[in-house]
Each structure stands twice: as structure tokens, then as C-alpha cells.
Number of protein chains: 2
Amino acid sequence: MKPTIEDVAALAGVSRGTVSRVLNGGPVSRASAERVHAAIAETGYRAHHSARSLAGGRSGVYAAVISEPYGELFEDPTFGLLLRGISSQLTGAVHTSPDVSLSLVLITDEEERRRADRLLDPRRVDGVILLSPHVHDPILGSIDPSLPVVVCGELDEPRDLTWSVTIDDAHGGAAGARHLLQRGVRCPAIIGGPLAARGALRRVHAQQTELGDLLDPALLVHANYAASGGVEAMRELLVRDPGIDAVLCGSDRQAVGALQVLLESGRSVPDDVAIVGFDDQRFAATTSPPLTTINQPITEVGAVAARTLAAHLRGEEVSDQTLPTSLVIRSSA
Amino acid sequence: MKPTIEDVAALAGVSRGTVSRVLNGGPVSRASAERVHAAIAETGYRAHHSARSLAGGRSGVYAAVISEPYGELFEDPTFGLLLRGISSQLTGAVHTSPDVSLSLVLITDEEERRRADRLLDPRRVDGVILLSPHVHDPILGSIDPSLPVVVCGELDEPRDLTWSVTIDDAHGGAAGARHLLQRGVRCPAIIGGPLAARGALRRVHAQQTELGDLLDPALLVHANYAASGGVEAMRELLVRDPGIDAVLCGSDRQAVGALQVLLESGRSVPDDVAIVGFDDQRFAATTSPPLTTINQPITEVGAVAARTLAAHLRGEEVSDQTLPTSLVIRSSA
DNA sequence: TTGAAAGCGCTAACAA
DNA sequence: TTGTTAGCGCTTTCAA
């Protein structure tokens with residue numbers, strides 16, 4: 001059998017309680033601590049997770065909840081990046097805080113939703129990180145009120161013990177617009193994200209503000225985030241005004257769509273028309289020309305979410321956070 | 001406080017042991033069972049996960065391990081699909097088997113690798129599902145020998161208590177070739193996956209066998225799975241023989257690359273040249289023309305992996321599994 | 001600073 | 001078929 005705390009105690013010549021104290025940072029004499037550490041090393045002792053949870057009341061588990069209809073799931077690289085960020089913050093300090101494990105809770109149908117209700121038990125997880133930034137997601141309301149939640153994205157209905165980690169969309173939108181202004185564009189257009197996406201609206205608003213009178217209101221169209229959205233929007237814009245010399249897009253995918261249309265129309269990018277994307281997805285660096293775009297620190301959002309949860313559980317005061325975006329200048333603008 | 005098994009027992013007028021028995025499927029009278037169920041419903045009782053693990057020796061957790069260098073992670077939709085498949089099999093039967101939760105273990109650097117060693121403790125997880133089908137992955141060797149493992153993909157070094165769930169690559173390769181044969185192609189070519197990928201090799205081998213003498217050995221080139229690989233390979237093939245009238249690709253991404261080259265060269269698909277992809281990724285249905293390709297049941301691989309683990313833990317005899325691929329005929333061939 | 005002891009909520013062996 | 005009881009391995013009072 002694996003060594004228990006009792007074995008360690010015996011070997012170190014102290015009581016079980018003392019071993020527990022060095023494990024959890026209680027008051028112990030230097031001498032005892034050393035002998036316990038030696039005993040731990042010698043026995044290869046590792047705390048029994050369930051026993052610790054049962055006695056201590058902490059599970060050492062965070063739940064990462066992704067509620068997304070089948071299909072959408074993981075098409076979007078965002079989830080993977082968020083998970084990476086979270087995972088990077090889960091390693092425990094040597095003998096202070098134990099490692100936290102991440103319980104992945106996927107909700108794609110009713111059955112999984114009911115299972116999630118059972119899994120999201122305060123005795124089974126210490127906290128929840130919500131990865132799906134859905135508006136009106138019923139999941140939030142059904143989580144046990146005593147469970148702390150960090151939302152990666154926006155929070156529409158307030159909830160106790162709930163914090164959100166978001167991206168500064170307005171700042172990102174403004175940065176792109178300002179870059180265009182510096183380049184001296186005369187006739188800019190905007191391809192905004194879908195009207196249902198709050199972040200998209202905030203970006204557009206900031207772009208409008210920044211561009212001011214230079215922007216012809218007719219040259220703002222909304223489209224879905226996919227490349228196809230960019231294609232359609234760009235075609236429409238070109239009809240409305242063939243003289244457009246710059247386009248701010250709501251996503252990199254829209255930007256490639258717009259790029260394609262522009263190229264097909266015989267225009268050159270960025271000479272005839274400058275294009276700015278949004279997201280700084282991986283492929284943005286390899287389009288031709290490479291996309292100037294706005295970087296969103298998605299992985300960092302996940303990391304901050306995990307740290308926020310940890311801080312709260314440590315008893316610290318925590319608050320909502322907004323992470324900065326940054327302009328990445330490549331060749332398209 | 002949440003109700004405990006003791007509360008349920010009291011309300012049902014039975015002993016704690018009896019409640020435990022109805023929860024775990026022991027011998028109980030019909031009458032007791034009913035009263036216990038009623039009491040559970042009334043109290044809203046839910047078993048304490050850690051307590052159960054500690055006493056029962058089963059954690060009710062499977063670990064999904066993805067060991068992949070930073071960057072590759074989740075670029076590939078495969079992981080998401082596998083996780084979906086696994087997740088779909090985790091719901092427990094009402095009062096027979098409890099829900100299993102999925103612990104996501106991401107390994108992208110040394111720190112995470114060490115943490116994984118600690119997380120993959122037989123007392124903390126009941127089994128492991130390995131999602132990264134890496135050859136020579138050191139992780140397999142470092143997993144506690146008492147922990148059962150199911151690998152989604154191929155297994156190179158045998159290990160006790162380890163099973164693999166794979167795709168029938170040979171069958172898929174043959175199916176594509178046979179389809180071409182039926183269409184009466186005269187001059188087929190093959191763009192194989194990278195030489196380092198075993199599955200790719202197996203597919204190519206099956207294709208060669210099926211095509212027989214019809215295949216000019218010079219018309220087989222290997223390339224990476226990306227679209228760029230398809231582009232380069234197709235260009236090379238066209239140089240070697242401009243008369244090619246069909247191409248079997250190793251991936252859908254390669255197929256779009258090849259498609260692009262073919263279209264640019266003024267050929268029409270499928271009239272001048274037929275193209276068959278592999279994978280049946282989401283976008284394969286929306287290229288123009290839509291791709292005829294080989295479907296791989298990735299989600300099903302995950303599901304089978306989870307079921308295999310569950311069956312083994314139930315004490316059943318389990319074995320390696322190979323899942324069938326299927327030809328999806330669209331317009332490109 | 002320490003040991004002793006009382007649980008945490010559950011399963012399983014045992015006797016009835 | 002049932003109740004009783006002894007743990008599972010740990011944390012946390014409580015005295016000392």
C-alpha cells in the first residue's frame with residue numbers, strides 16, 4: 001500500500017497531527033519540519049486527495065464549464081486557449097497549496113446539463129470557471145449559490161460570488177482606428193461583428209468615435225464573424241463606395257474574406273485599401289499580405305480567471321478584470 | 001448543511017447501511033428501496049463524492065491527458081471531438097453507477113508534466129485516456145502501472161492494462177482508391193501524409209494495393225497535412241505528369257491545397273481531375289466543389305475509449321478496438 | 001509547539 | 001435482508 005500520513009509520522013517520530021501541520025502550514029518547530037520532510041521524501045508520501053477533501057472541506061478541483069451546442073464546440077480555438085491559460089495556473093506550491101485539478105464539464109445537450117448540475121456540487125468542486133461567454137446562459141442561475149464563479153467574458157445578470165474577466169474591446173477598436181488615422185486614410189469603412197455580440201458593438205462604437213466625421217455612416221455594415229461574412233460585407237461596401245481606402249474588421253476571418261474580395265476586384269492591399277483585423281488568430285500572420293490586427297490575450301484571460309478563483313479561495317478580495325488588447329502591425333495596414 | 005446518508009436513513013427508517021446498499025446496488029427489499037428513494041427525493045440527498053471515494057476506493061474520475069507542445073494544442077479540432085465523445089459517456093445510471101467526472105490534464109511543458117505525475121495518482125483517478133497519439137510519448141511509461149489506460153490512437157510500446165482505440169486507416173485508404181477505380185480514372189496520383197505518421201503510411205499502402213499497376217510509382221508524393229503541403233505536392237505532381245486525372249489526399253486540408261492548384265492551372269474538378277480527401281472535417285462540405293472524402297469517426301473514438309475504461313473498471317474483459325471509416329461522396333470525385 | 005482524539009460521510013465486512 | 005461496526009486517510013479542535 002501507499003504510505004499514509006501515519007507512516008510518515010512514525011518515521012519522523014512525531015504525531016500525525018504534526019505531519020498534517022507541516023503539510024498545511026501550521027505552527028511547527030524547525031526541527032520537526034525537517035524530519036517530516038525527510039520522512040516524506042523517504043517514503044514517497046503523497047496525500048490522499050479524497051481523504052484530504054473529506055476532512056478539510058476543500059476539493060482541490062476547479063470546474064471548467066463549456067456550454068455550447070454540439071458542433072460549435074472547439075471549432076473555435078478560443079476554448080483551447082482559455083483552457084491552456086487556466087491549466088498554467090494550477091500547479092501548487094511545494095508544501096503550501098496542493099495542485100488543483102481541472103474538471104472539464106461539457107454541456108451540449110439536456111443530459112449533460114443535468115449531469116453538470118450534479119457535478120457542480122460545492123463538495124466536489126471549489127469553484128467554477130465559465131468559458132462560454134453566452135448571454136442569458138441558464139447555467140449560471142442553476143449553479144449552487146455558495147460556489148464561486150469566474151466568467152471568461154461578460155456577465156449580464158449579476159450573481160454573488162461571481163466575477164468576470166474580459167477583454168478591453170473599446171480600447172482595441174480605438175487602436176485600430178487610430179492606426180488608420182495615422183496612416184492618413186481618407187475613406188474608411190467598418191465591417192462590424194454580429195449585432196448580437198456585445199463586444200463587437202463596443203468595438204464598433206469606439207471605432208466610430210475615433211474616426212469621427214471621416215466615417216461615412218453608410219460605410220458601416222455588420223456581418224457574422226466568418227470569412228463569408230467578410231466577403232459579403234466587403235462586396236456591399238464596394239457597391240456603396242468604390243473609393244474606400246481602409247476597412248476595420250470585426251475578426252481576422254472577416255478580414256481574410258474582405259481581403260479576398262479586394263484582391264479579386266484588382267485592388268492591392270494595403271496600397272489601395274488598408275485592412276485591419278481583430279483577434280490576432282494564428283493564421284493572421286500567414287495571409288498575404290500578413291494581417292495587421294488587434295491581439296486579444298485569450299490565454300491570459302484563462303490564467304487570470306484561474307488566479308482570481310484561487311485568490312478568492314485564499315480569502316483575498318477579488319474583482320472583475322479587463323485585459324488590454326494590443327495593436328499588431330503587419331503588412332495589411 | 002447538506003443532508004447526509006444518515007439523514008436519509010433516519011427519514012426512511014432504515015440504517016445507514018441499507019441506504020448505502022440501495023445506492024450501490026446491494027441486496028435490499030423492495031419496500032426498503034422504495035422508502036429510501038422517497039427519502040432521497042425528499043431530502044435532495046446527493047452522495048458526498050470524496051467520502052465515497054475514500055471509503056470505496058474508487059474516485060469516479062477519468063483523466064483525459066493531452067500532451068502536446070504549446071501551440072499545436074487545440075489547433076487541431078481532433079481533441080475537441082475526442083473530448084466530446086468521452087464526455088458523452090460519463091453520465092451515470094440513476095442509482096447504479098454514479099456520474100464520472102473528467103479531469104483534463106494538459107501537458108505542454110516540464111512543469112505540467114511533473115504536475116501530471118502527481119495528478120495521475122491511482123487514488124485520485126480511476127483511469128486515464130490518452131488523447132495524444134504520439135509515438136514514443138514518455139508519459140505512458142511514467143503512469144502508475146496499476147492505472148488502466150486507453151489510448152486514442154496507436155500504441156507502440158505495450159503496457160499492461162492498456163488498450164487502444166484506432167481508426168481503420170487501411171480500409172479508409174482502400175475505399176477512396178476503389179471509388180476512383182469505379183469512376184474509371186486512368187492516371188491517379190497520391191498525396192500521402194507525412195512519412196512519420198503511421199496511419200498515413202497505412203492508408204497509402206492500401207491505396208497502392210488497390211490501385212495496382214494503374215498507379216505510376218512516380219505519382220506518389222508525401223507532404224505535411226496542411227493545405228500548404230497539398231499545394232506543394234500538387235505542383236510537383238503536375239510537373240511529373242500533367243495528365244493526372246485523380247488525386248487521393250492524406251487530409252482534407254491537403255485536398256483544398258491541391259484543389260486550389262488545380263483550379264489555378266485551369267483544370268476543372270472533378271471533370272478534369274477528381275480529388276478525394278481524408279478526415280471529413282467540417283469545412284470539407286463547403287469547399288467548391290464540396291469534397292468527396294473519407295470520414296473518420298473521431299467523436300466515436302472518444303466514446304469508445306470512455307466505454308472501454310468503464311467496462312474494464314466494471315471487471316469486464318476488454319480489448320483493442322478499430323473503428324471503421326466511411327466514404328463520403330460529394331462532388332470532387 | 002505538540003499529541004490525543006474526535007470527526008468528515010461513506011462502504012463493506014460481519015453477525016444476526 | 002438487515003443493523004452494527006470498523007475503518008478509509010486526513011484536518012482540526014482541545015489540552016497539555
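Proteins come first, then strands; the chains are lettered A, B, ... in the order of their sequence lines, and each starts at number 1.
Side-chain contact of A/E111 with B/T91: a donor-acceptor pair under 3.5 Å is present, judged by distance alone.
Of the residues in residues 43-56 of chain B, those lying under 4.0 Å from DNA chain D by heavy-atom distance are B/L54, B/A55.
Atom CZ of B/R35 and atom C1' of D/dT2 are 13 Å apart (whole Å). Between A/R58 atom CZ and D/dT11 atom P the separation is 13 Å, expressed in whole Å. The CZ-C1' distance, from A/R124 to C/dC8, rounds to 17 Å in whole Å. Counting to the nearest Å, the C1' atom of C/dT11 and the CD atom of B/E6 are 13 Å from each other. Atom CZ of A/R30 is separated from atom C1' of C/dT1 by 15 Å (rounded to the nearest Å).
In terms of modelled atom types and a separation under 3.5 Å, the side chain of A/D121 and the main chain of A/R123 share a donor-acceptor contact. Panel note: side chain A/T308, backbone A/V304; a donor-acceptor pair is recorded below 3.5 Å.
Ionic pairing of B/R84 and A/E68 is not present here: no N-O contact between side-chain nitrogen and carboxylate oxygen is shorter than 4.0 angstrom. In summary, B/D144 and B/R124 do not engage in a salt bridge, as defined by a charged side-chain N under 4.0 Å from a carboxylate O. Ion pair A/E300/A/R307 flagged as a salt bridge, since at least one NZ, NE, NH1 or NH2 atom sits closer than 4.0 Å to an Asp/Glu carboxylate oxygen.
Paired with A/D99 under the rule side-chain hydrogen bond (donor to acceptor under 3.5 Å, both in side chains), one option of B/R114, B/R115, B/R118 passes, and it is B/R118.
Each of B/R123 and B/T18 was assigned the nucleotide of DNA chain D with the nearest heavy atom; the assignment lying further toward the 5' end belongs to B/T18. Remark on DNA chain D: of its neighbouring residues A/K2 and B/A33, the 5'-side contact belongs to B/A33, judged by nearest-heavy-atom nucleotide.
Of the side-chain N and O atoms in B/S20, none sit less than 4.0 angstrom from OP1 or OP2 of C/dC10. OP1 or OP2 of D/dC8 has not a single side-chain nitrogen or oxygen of A/T4 nearer than 4.0 Å. Residue B/S29 has a polar side-chain atom (N or O) positioned under 4.0 Å from OP1 or OP2 of D/dT2.
We find the CD-CZ distance between A/E6 and A/R16 to be 5.0 Å, quoted to the nearest 0.5 Å. Annotation: the span from A/C152 atom SG to A/I167 atom CD1 amounts to 10.0 Å, rounded to 0.5 Å.
Comparing the helix axis at one end of the helix from C/dT1-D/dA16 to C/dA16-D/dT1 with that at the other, each defined from 5 consecutive pairs, gives an inter-axis angle of 30° (nearest 10°).
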CA sep, side-chain torsions, deciding dist, call: A/D126, A/V61, side chain to side chain contact (heavy atoms under 4.5 Å, CB included): CA-CA 6 Å; A/D126 291 336; A/V61 177; 5.8 Å; no
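For the pair A/L161/A/L147, no side-chain contact is recorded, criterion being any heavy-atom separation below 4.5 Å from C-beta on.
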Using nucleotides 4-6 of chain C, report all nitrogen or oxygen pairs with the protein that are shorter than 3.5 Å.
none

